[in-house]
Amino acid sequence: MKTVFNAAHAAHAPTHEIFRGRLVPAFETPARAEFLVAALQGTTHAAASTHDGFVVPRDFGVAPLARVHAGAYLQFIQGAWDEWAAEAASAGNTDPGAAFPAVWPAPGMRRDVVPANFAARMGLYSMDSGTPLTAGSWAAAYGGAQATLTGLALLREGERSAYVLTRPPGHHAGVDFFGGYCFVNNVAIAAQAALDAGAAKVAILDVDYHHGNGTQAIFYDRADVFFASIHGDPRTEYPFYLGHADERGAGAGLGFNFNLPLAAGSPVSEWFAALDTALTALRTYGPELLIVSLGVDTFAGDPISHFGLLRPHFHELGQRLATFGRPTLLVQEGGYATADVGLNVRAVLDGFDGLALAPD
Ligand code: OKP
Ligand code: ZN
């Protein structure tokens, strides 16, 4: 299948994140995308006529992002690094590290008055301190949304499937907040764009280890997008505060949200049983389009996750997604066993395309 490559990913190059009271090497790094490029180059998934076989993203502008995200949030994220750098410079630091939020409006505090203070706005527009905001965060995230919209355009033009090679991920980003390494919600933007182009029903299947809280929340009260997710139980796993089985949607959206949380350490057989359950529900829904939040942090070797999928399981995942039989947009989310991310994704794409599992 064709791969759309967000080359702007490299602009977002966090070096560190906060973990257990210390700055540790960042998990979500440009190297992830470099391994993806290396694994797909020279394969049938990199057979387009430009950019080493990868499709170059078109530019659809900011309007499709604003169909999902609040304007004030997009403006903040766009200008946040410059504000941070200017503030640091006025304090005599001309080479600041990444910006991290450190203060949030707890329930009962005001969200309706946007603070002038930069740190206060970082908290207003974020969900965690685990997401470094760097000089290139906006450029990379914007490029990711454009790459995803380009993948959607390929489907409209007759492709059966497309893969979007991008980072940072997107599924934790909500209407007006960043977090979980995510700044803009690529799959939500694509789903909304598909509806705006005339689709009546879109399915999003999130197979990343972490619940896609942003995607769920964006479509929670709507029937035109069915969100199904298989993920580590939020009682113990990030993002903790959403992703439980009793979240079935609200109002017109009741019945169109389906969470399949599994205990950390669950066997692979349970994961595939959940996949079948999710696909059955999505088939009943009858969408014109399937969008997959393709995290491969379900891999046994992932450093921050606790499922046990191996290379052949990713191949099997691709096969099962293909049998769904709808135009399918696969969008990269997590996967932090950096050297294995590319091969795991290649296994999914090969499985989808009916190709044999390639040797490592
Ligand atoms: C993003 B995606 C590990 C902390 C984990 C957040 C994880 C975000 C995962 N030191 N922090 O869903 O893969
Ligand atoms: Zn994840």
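Put simply, the side chain of D302 gets close to the backbone of Y336: a donor and an acceptor are under 3.5 Å apart. Not a single donor-acceptor pair under 3.5 Å links the side chain of D233 to the backbone N or O of T236. Between the side chain of R222 and the backbone N or O of A252, no donor-acceptor pair lies under 3.5 Å. A donor-acceptor pair under 3.5 Å is formed between the side chain of N259 and the backbone N or O of H244. Checked by atom type and distance alone, the side chain of R67 never pairs as donor or acceptor with a backbone atom of A193 at under 3.5 Å. Side-chain atoms of S266 never come within 3.5 Å of backbone atoms of L262 as a donor-acceptor pair (strictly under, hydrogens ignored).
In this structure the side chain of M1 never reaches within 4.5 angstrom of the side chain of T44, judged on heavy atoms. The shortest side-chain heavy-atom distance between V207 and V292 falls under the 4.5 Å cut-off. Taking the side chain as every heavy atom from C-beta outward, V331 and Y163 never approach each other to under 4.5 Å. Counting heavy atoms from C-beta outward, L133 and F183 have side chains that approach closer than 4.5 Å. Within the 4.5 Å cutoff, the side chain of P327 has no heavy atoms near those of the R160 side chain. The shortest side-chain heavy-atom distance between E17 and F27 falls under the 4.5 Å cut-off.
Neither side chain, T277 nor T280, offers a donor N or O lying under 3.5 Å from an acceptor on the other. Under the 3.5 Å distance criterion, with hydrogens and angles disregarded, a donor-acceptor pair is assigned to the side chains of N185 and T215. In this model, a donor atom of one side chain and an acceptor atom of the other lie less than 3.5 Å apart for S137 and H12. Checked by atom type, the side-chain pair Y220/E247 shows no donor-acceptor distance below 3.5 Å. Between D206 and Q216, the side chains place no donor N or O within less than 3.5 Å of an acceptor N or O (distance only, hydrogens not considered). A donor-acceptor contact closer than 3.5 angstrom is absent between the side chains of T166 and Q332. Side-chain contact check for Y142 and N6: no donor-acceptor pair (N or O, by modelled atom type) lies under 3.5 Å. Counted by atom type alone, T298 and W271 present zero donor-acceptor pairs between their side chains at under 3.5 Å. Looking at H210 and E237, their side chains never bring a donor and an acceptor atom within 3.5 Å of each other.
Ring pair F54/H45: centre-to-centre distance not below 6.0 Å. In summary, the aromatic rings of H172 and F178 are positioned with their centroids too far apart to meet the 6.0 Å limit.
Using cut-offs of 30° and 60° for the angle between ring planes, the F227 and H211 rings count as perpendicular. Taking the six-membered ring where the residue is Trp, Y73 and Y125 present tilted rings, their angle falling between 30° and 60°.
Between E288 and R326, none of the side-chain N atoms (NZ, or NE/NH1/NH2) sits under 4.0 Å from a carboxylate O, so this pair counts as no salt bridge. R121 and E87 are not joined by a salt bridge, as no carboxylate oxygen comes within less than 4.0 angstrom of a charged side-chain nitrogen.
Taking the ring centre of F226 as origin, the terminal cationic atom of K201 falls outside the region bounded by 6.0 Å and 45° from the ring axis.
No more than 12 heavy atoms of other residues, nucleotides or ligands shown are found within 6.0 angstrom of CZ on R235. Residue-environment remark: CG (D95) stays at or below the threshold of 12 foreign heavy atoms within 6.0 Å. Counting non-hydrogen atoms of other residues, nucleotides and ligands closer than 6.0 Å to CD of E83 gives a total above 12.
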